[in-house]
Each structure stands twice: as C-alpha cells, then as structure tokens.
Amino acid sequence: MEVLRFAIKKLIGGIPLLLGVTFISFLLMVYYGPDKTYELLGKNPTTEQIAEIRHELGYDKPFLVRYGDYLKEIVTLDFGYSDSTGERVNRILKRTIPISMAMVTPGFVLGNLIGVILALTAAHFRGRWMDKLIMGGSVVGMSISLLIVVIAFQIIFSSSYGLDLFPVRGWEVYNVTSYIQYVTVPTLVFIFVSLGYNTRFYRAVIVEEMERDHVRTARAFGTPPAKLLYKNILKNSMIPIITRIMFSIPLVIISGSLVIETYFGIPGVGKVTYDAITTGDQPILKAVVGLTAILFVLTLMATDIMYKMVDPRVSLK
Amino acid sequence: MADTTPLLEVRNLTVEFRTEHGIARAVDNISFDVGFGEALGVVGESGCGKSVTALAILGLIPSPPGRIAAGSIKLNGRELVGLPESKLRKIRGSEISMIFQEPMTALNPVFTVGNQMSDVLRRHKGLSRKQAREDAAELLRLVGIPDPKQRLREYPHELSGGMRQRVMIAMAVSCSPKLLIADEPTTALDVTTQAQVLEEINLLREKLGTAVLFITHDLGVIAELCDRAIVMYCGMIVEEAPIEPLYDRPRHPYTEGLLASIPRIRDRKLKRLPTIAGMVPDLLQLPDGCRFADRCEKATGRCQLEIPTLEGARKRKVACFHPVNG
Amino acid sequence: MSVAGETLAGAGDLTLRKTRESLWSKARYKFRHDVWGMVALGIVLVYFVIALGVWLGIWGQGWSAVGGEKWGSMSAEYWFGTNIIGQDVYDRAIYSIKTAFEIGLVVAVLSTVMGAVLGAIAGFFQGSWTDEVILWLMGVLDSIPFYLFVAAVAFALGGYAYSMHLAMIAVFWTITARLVRGEVIKLKNFEFVEAAHAIGVPHFLIIFRHIMPNTLHILLVQSTIVFVAAIKTEVILSFLGLGVKDGVSWGLMIAESTQEVLAGHFNNFVAASVLMFGLVMAFNMFADSLQDALDPKKVS
C-alpha cells in the first residue's frame, strides 16, 4: 500500500520532466525540423495542392495545438504511421524492441557484473600491483573509441583477416545457436566499451565504503576479508551501484545500441531510430523520445523503491 | 595479579605512519602490562597515540601507510606481532574485543542488530543460526536492553545512541574475551547515558572477569572504572600509576596540568580553569628532548636535549627529570 | 558602510584564500611528483603543438589535395599511404588533431562556464524556484536520448556547421552544474559567506567573487573530463553523419575506413585510431592525476 501510494506520487512528480523532454524535442525536431511538404508533392504543385499537404501534415495548425496532438499520442500510446514506410509506428516498435533487448541484455549484464567483480578485486588489493593492473586496464579501455572497438572486433572475429568465427552483420535469429552466432560480437563490444567506466566507478564506491567505521568494527570482530567484501561492503555500496545501473537502462537501450545496431545491421530500435534520423521520419522519432521519457520516469520510481529494499534507513516519503 | 605473567604484555612498541612529508611515529617505544581481570586506563589528548596503541594490539593498523616498526605484544604469553592475519582473525572478537567511539557509525547500517551479533557468535563459537540468535538475545538482556527479541530484528538507526553502544558492548563480550579494549566508548554519548554505559562495563567486568583497557581523554571516567592508569603524551608514556596516587600526587607536570584542568563543582567561586600553555608538537617535527619541555614550567636545558625514560618502582613510574610532588 | 563592507568581506576572503592557496600549492607539489601525470601532460603538449602548427599553416595543409593513386601504400611522399580518392592519410590524420582540439576546447570551456554559472546559481538559491527550474532543465536534458538530441539540434539549425558543438555543450554542462551546485550548497554555509550576507554584499557578487573561485578545482578537473568526452563523441557523431561538416576529423576518417577494412585497406583506420587513442589516453591519465592532486574526495 505504502509502495503503491509512493509509486503514484512519483509518477505524478514525473509529469514536468515528461513535458520538458517532449516539449524541447518537439520544438527542435518537429517545429523547427525538416519541412516535408515538397517531398510528398509531385512536380510543379499548385497552391491548393501545397495547402492540402500542409493541412494533412498538420503544418497549418498553431504550435500549441500540434504539441497537444503529440501529447495525446503519448497518452494514448498511439504514434500514427511512419512517414517513410507507412507502417504503424507501434507495430515497428513492437517488432524492434525485443530485438534490441535480446542484443543488448547480455552485454549490459556482463559489463556490469564483470565491472563489479574487477572493482572488488582491485579494492581488495588496493595499492598493490593487481589494483594498478586493473585500473590501468580500465583507463586503456576508456580511451578506445566505441567505433574503433566495433571495427577492430569485426576484423578480429568476423573477417578473413582474423578468426572469422561469426557473421559480419545481420540478425537472422531463429534458435539459440543462431542467437549466439549473431549476439556474440556485439556483446563483446558492449562489454569492452563499458567495462573501463564501470570498473572505475564501482571501485571508487567500494573503496569509499571500505573506509567506514563499521568496516573497522567488522574487522575488529574477526570478519574474514572476503566476507567483508561481499557481505558488508557490497551491500552498503548498493545505492550508488543501483543508481548507475538503473539510470543507464533508458539510455543504453536507445543510444548505446544505436551505433552497434547500425554498424552490425541489427534491425532493433537503435537502427530504426538511426534510419528515422537520416530520413527525417518524425512519427518514429516522436515515439522514441516520448517512450524514453516515460521510461525515465518509471526508472526514477523503480530506483527509489529499490533503495528502500537495500537500505533500511531510506523511507518512501 | 601479583607476580604471575600478565595477560597482556606490551614491550617497546613503536608504530609508524608514512605520510607525504615523512614518517610520523605515532607510538614511540612504549611498554606496559595489563593483568588478568585488571582495568587499565590510558589517558591522553587526541593524537597522543592511545587509539593507535589499541589498533596495534588487534593488528588493525591500516597498512599501508602504517606499520608496527618495532616491539612485541604478548597475549597470555603468545606473541601477536607478526602473527599471520588468519590467526589474528581468530583472536579478534573472541580473545580480545573492542568497543569503538562512535556508536552511530560503528555498526553496519544495512544489517539488523541480530544479524551482526549472530555473525560474531557463529564465527567464533560455531553456533547454529538459531542458537546464535538465542545467545544474542540473552546477551542483550545482560547489558540491560529491554525486549531483546524485538531489538534483534531492528536496524542500528532505529536505536538510540546509548542503546547502540550497549549493543556494541554485548557484541564485544559475546565470546567472553579475556581483554576488552574500550576506545572512548562514552565520549559521543550524553552525560546520563555515559554513566549508565560505564556502569554496564563495570558490572560486566565483575561478572565475566574480563580485563579492560580503557582509552579516554577524560580523567574523571578513569577514576570510576580503573585500577591503574598510564598517561600518554605525543606517542610516549609519561607516567604510570595506580589511580589514587595518580590523582593525589601526580608526578609528571603534564599529568598535574591535566588534573588541574578538570572542572570541579565543589569550588565555590567561579574561577578561570587552568590550562596547559602551548600546543602539542607536530609528530613530524619532534623536539630532541622531552616532548613536553616546550609547555613545561619546570623545563631546563637538559629537558631540551635528552628524552627522559620511564623510571620508578614497578607500579609507580614517571618519565621526567624534574618530577613534581617528589 | 560600503567601505566597512569591503574590508570585512575582504577579510573573509583572505582567510579562505589562505586555505585555497595551500590547496593549490599542495596540488602542484603532488602533481609534480606524479610521474605518469607528467608524462601524460607531456604527450598532450606534443599533440597541442602539432595542432597549433596546423592552425598556423605550418603542416597538415595537404589534407584535401587529391594527388596520389587510390589506396596507395606507405611511401616517402605519403607516409601513411593514401585513401580511396588518393588523399594523403598522414596529412588528414595530422589535420584531425587540430579538429579534435578545436572541438575539445570549445566544448570543454563553454560547457564548463555554463555548468559553473547555472550550478552556482542553483546551489546558492537552493530550494527556490530558480533552483527547481535549473534542476528540471538538467533532468530534461539528461533524459533525451543524446544522438536524437544532436540530430534535433542539427535539424533545427538547418545543418549549421557548429550544431554538433552546440548540442554537446547543451548536454555536457549538466554534470558540471550538479557538482558545482553540491559544492556551493556546502560553501554557502561557511562563515565568510554569512559575513558577506550580513554586511549586505549583493547576491551576484557573493556568488561570483566569493563562492565561485572556491569551486575552481572542480571546474578544472571537470573540463578535462569533458574535453575527452567531446573528442570521443565527435568520432561517433561523424560516423553517424551528424558530426564535422567542414574539414576532416578522426571520426570522418574512421567512418571512411569502415568500407575499406573489410577489403583489407587499414591505413585510414590505423592512422586515425592510433593517434586518437594516444591523445585520449594521455588526456585521461592527465585528468586522473589532476583529480588526484586537486580533489580531496577522490579515492585512490
């Protein structure tokens, strides 16, 4: 009951954020965005034809009415039809979101999991060569561009110049084997790119926690170092860890997979978004922005509830 | 206590910390004993090395930057310096345990009191989960916490400061340690709670026969609890004496100054409290001679050049060339 | 009154300046003794000199000239070979250093200034509607998918050459602003600020004369981090066709190379990636050492 009331309060509190995101995106992308009138007209259009198309596209309506229409689309979760293919936007999303999820989940999970493990290891050996090795490795990882990693991994794993083990691009997944075939290289890229940042962040959090009084108490009562790390310190570090993971979810799904999907030719939301950017397909862009904003509000809410679960001092007020 | 071997035997202990500007000797060549069941007070200003001494006994000096540079610490005749970490862990919390200053932060905020207490019991006594919880409840009752079963399910932030410190004490005595180190256990508490917590430690000491090493900057607290006290200044022991003579006839000028600066309610007239002039020297730039010389009225040329050693009869020692109340 | 005000505020400033100076002199001492940090700074300076040379027209000028054969290999004339239309890869890679510095500096300086000002205002008026509005704006900007935002800015500005820079500045300032806001909230309860209030120093003077100078160490560290982020982001945006419009950049070179590598031509790819890695790595290490020296909260 408490949780429910809290959730509703948070959702209402998210409305200004939602309005802000949609308003700024609408202003930039649609109102000042590309004018599609002439693309849709034949040669030498008459004034009436132009007016008709502009009416169809809604260009003749006042700004606030058009923005209101967009908000209505978000509330009803109905984003109309794609400009370029004429397919229902909802259908496109329903088809592509699962693909993106399947593509990004293994890399996202492993990237964070390995990051936490490396961070715990580095913190355990703080100041010694193991720590320096791991942290040096993270700086190297952080210094290599995503694009370079994508190309290099493609050469290493998928070309005749390297191991040639996996398909270069595409997504023809119908069973587990083919899934592994297509997901492996993108996953490796994802892990490689996120690992450096994750490890550094998690190590900083863990080391800070290690210096707290209660850790000294636990040591004074004979707690073995391994248990100290995975029980006492890890649970206490959960709040920043959860925050990082949760807040990267909305952006990782859209932005993070955009480059990878485009490069590997994987037909997920990222690829669809990229295509929409290049063709100026506004209904799709509006849907992606709107849904990301909603996802953000939900994430904010879920994160606060998760805080309560890991830290008894947090109250849902 | 008489002439048998003591419970704790500290000899020539030296602890150093590496800092950016050189090596700081936080504890410099100190020696003392704690007998079985004895309560020894360690008095001194903050930074005089008393807490570092406590951590050194438990082998908890953060390293790097700190290390035990020299000396020996024997518990029941067994050398602790250089003992492998795994063996030290078996001693911590069972044979020697420690109560810390800040009850607000010394307990882990995200685990229940019961979880933290039974953790210690299960580790050192090998109890089952259920047995450990029952023992924990019994211990809480022992330190005077009402409704212990309920308290076990609570988190530290749900308890008051005094309550938390009692939990800390219960945890510390849970494995019947031979030595209990209390590092300013009452400093962070209000006066009434202070008295109660001190009383609790005193009762437990009598009941369990545990020796106590009581670290504080408050001479008043020592008087209530301890048989004997050592006074530390700037990493060194300047005086060692049984409580009564220490109060009645302090021999080191520093001890005398400390005693003079305790406010006394009996004094009718409101006087300005005497203070000790000057400041504690920087651990990185220690004087050649007596470390108290710059603040001492009695200091002579010899005090500036030579470090006085701790000398005297077995129980009454002072490190001073010009002791007072001679 | 105003004279007294000046001296009093000055006195508050003086006590703080003392601690501030010790922070900076300590930091300088620490940084000088940080071997890796000094090496990294040296590498960054070498890159900077190259960029300056390009800017002054000393080298790297032949980046757009079409002279050699298609995909020519390394030679005395073309050190790193040539690209698909016979342009000199070496000159293009060198010229891209200038592009990278341009992007990094513009974005780092402007986003830091913006973050510092807005963060300080939000922190100083913590809890007021001004603070709420700035916090809301930061939340909004953080919630728009970044690549979409860049595209939207590019749309709205009709393909303006610096729309990428503007988009990055518009997004990157929020991190700095959050840090500065937190620090200002801490600082504004210090006595020297209360003293300034008490004698009637105007708000904006308190913020910019008395509080902001004490956030300088955060701004310095943060701008190095943003510099690196900007260079890395440019590469991806250029690949997506949203980046550099005039000139050449590592991003454009790598985008160009995507077709070549599968055919076995690695010149473009290797030249751009290695040079970029060197600069980003050196800058990351430099930023790290700077943070070690300046940030008392940094755990190491």
Side-chain angles (χ1 to χ4, degrees), chain A residues 16-21 23-25 27-34 126-127 139-140 142-148 150-152 154-155 159-161 168 203-205 207-208 210-211 247 250-251 253-255 258-259 262-263 270 273-274 276-278 280 285 288-289 292-293 295-297 300, chain C residues 36 40 132 136-137 139-158 167 170 228 231-242 250-251 254-255 257-258 261-262 264 266 269 272-274 276-285 287-288 297-300:
Chain A
L17 181 78
L18 211 63
L19 288 176
V21 171
F23 184 80
I24 290 184
S25 322
L27 193 70
L28 293 176
M29 222 156 52
V30 181
Y31 195 72
Y32 288 117
R126 188 178 174 195
V139 177
V140 172
M142 282 164 54
S143 304
I144 303 178
S145 168
L146 164 65
L147 209 53
I148 297 175
V150 172
I151 297 173
Q154 215 174 39
I155 296 173
S159 79
S160 51
Y161 298 99
V168 178
R203 179 185 173 279
V205 167
V207 166
E208 198 182 335
M210 276 168 83
E211 284 171 351
F247 281 89
L251 291 181
I253 290 176
I254 308 294
S255 300
L258 191 137
V259 177
T262 308
Y263 202 89
T273 310
Y274 176 68
I277 289 174
T278 50
L285 296 180
V288 170
V289 169
T292 312
L295 207 57
F296 247 106
V297 173
L300 276 172
Chain C
W36 287 107
E132 292 290 331
W136 168 81
L137 188 63
V140 166
L141 288 171
D142 289 346
S143 318
I144 303 178
F146 178 64
Y147 299 118
L148 268 180
F149 183 74
V150 179
V153 172
F155 278 153
L157 296 178
V228 172
I231 292 178
K232 288 186 71 180
T233 309
E234 179 276 323
V235 172
I236 292 174
L237 289 176
S238 293
F239 164 73
L240 294 175
L242 297 167
W250 289 324
I254 293 173
S257 76
T258 53
V261 289
L262 293 176
F266 298 105
F269 177 64
S273 337
V274 170
M276 179 187 168
F277 172 73
L279 178 60
V280 173
M281 176 87 186
F283 225 99
N284 266 334
M285 283 164 60
D288 240 22
K297 273 182 292 191
K298 162 96 192 280
V299 290
S300 56

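Every chain is numbered from 1, with letters handed out A, B, ... down the list of sequences. All values below were derived from every heavy atom in this structure, side-chain atoms included, with hydrogens, water molecules and symmetry-related copies excluded.
Atoms CG and OH, on C:Leu242 and A:Tyr274 in that order, are 7.0 Å from each other to the nearest 0.5 Å. A distance of 9.0 Å separates CG of A:Leu146 from CZ of C:Phe239, quoted to the nearest 0.5 Å. C:Lys232 contributes atom NZ, which lies 7.0 Å from atom OG of A:Ser143 (distance to the nearest 0.5 angstrom).
With a 4.5 Å cut-off on side-chain heavy atoms, A:Ile151 and C:Phe269 count as touching. Residues C:Phe149 and A:Ile24 form a side-chain contact, since some pair of their non-hydrogen atoms from C-beta on lies under 4.5 Å apart. Looking at heavy atoms from C-beta onward, A:Ile277 lies out of side-chain contact with C:Leu240 at the 4.5 angstrom threshold. Inter-residue side-chain proximity for A:Ser25 and C:Leu148 is flagged as unmet; no heavy-atom pair is nearer than 4.5 Å.
When all heavy atoms of C:Val235 and A:Ser145 are compared, the closest pair comes out as CG1-OG, 3.7 Å. Shortest non-hydrogen contact noted between A:Met142 and C:Val280 is O-CG1, 4.4 Å. Closest approach of C:Trp136 and A:Leu17 over heavy atoms only: NE1-N, 3.9 Å.
Heavy-atom pairs under 4.5 Å with chain A were tallied for C:Ala154, C:Ala282, C:Ala156, C:Ser143; the largest tally goes to C:Ser143. Contact count against chain A (heavy-atom pairs under 4.5 Å) is highest for C:Asp142 among C:Asp142, C:Ile231, C:Leu279, C:Leu157. Counting heavy-atom pairs closer than 4.5 Å to chain C, the top residue among A:Leu27, A:Leu147, A:Val140 is A:Leu147.
In this structure, C:Phe266 and A:Tyr161 have perpendicular ring planes: the angle between them is above 60°, well past the 30° mark.
With a threshold of 4.5 angstrom between heavy atoms, C:Ser257 approaches chain A through side-chain atoms but not through N, CA, C or O. Heavy atoms closer than 4.5 Å to chain C are found in both the backbone and the side chain of A:Ile148.
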Could you walk me through whether C:Tyr147 and A:Thr262 pass side-chain contact (heavy atoms from CB on, under 4.5 Å), step by step? CA-CA 13 Å; C:Tyr147 299 118; A:Thr262 308; over 6 Å; no
Give the C-alpha distance, both sets of side-chain angles, the deciding distance and a yes or no for side-chain contact (heavy atoms from CB on, under 4.5 Å) between C:Thr258 and A:Tyr263. CA-CA 9 Å; C:Thr258 53; A:Tyr263 202 89; 3.3 Å; yes
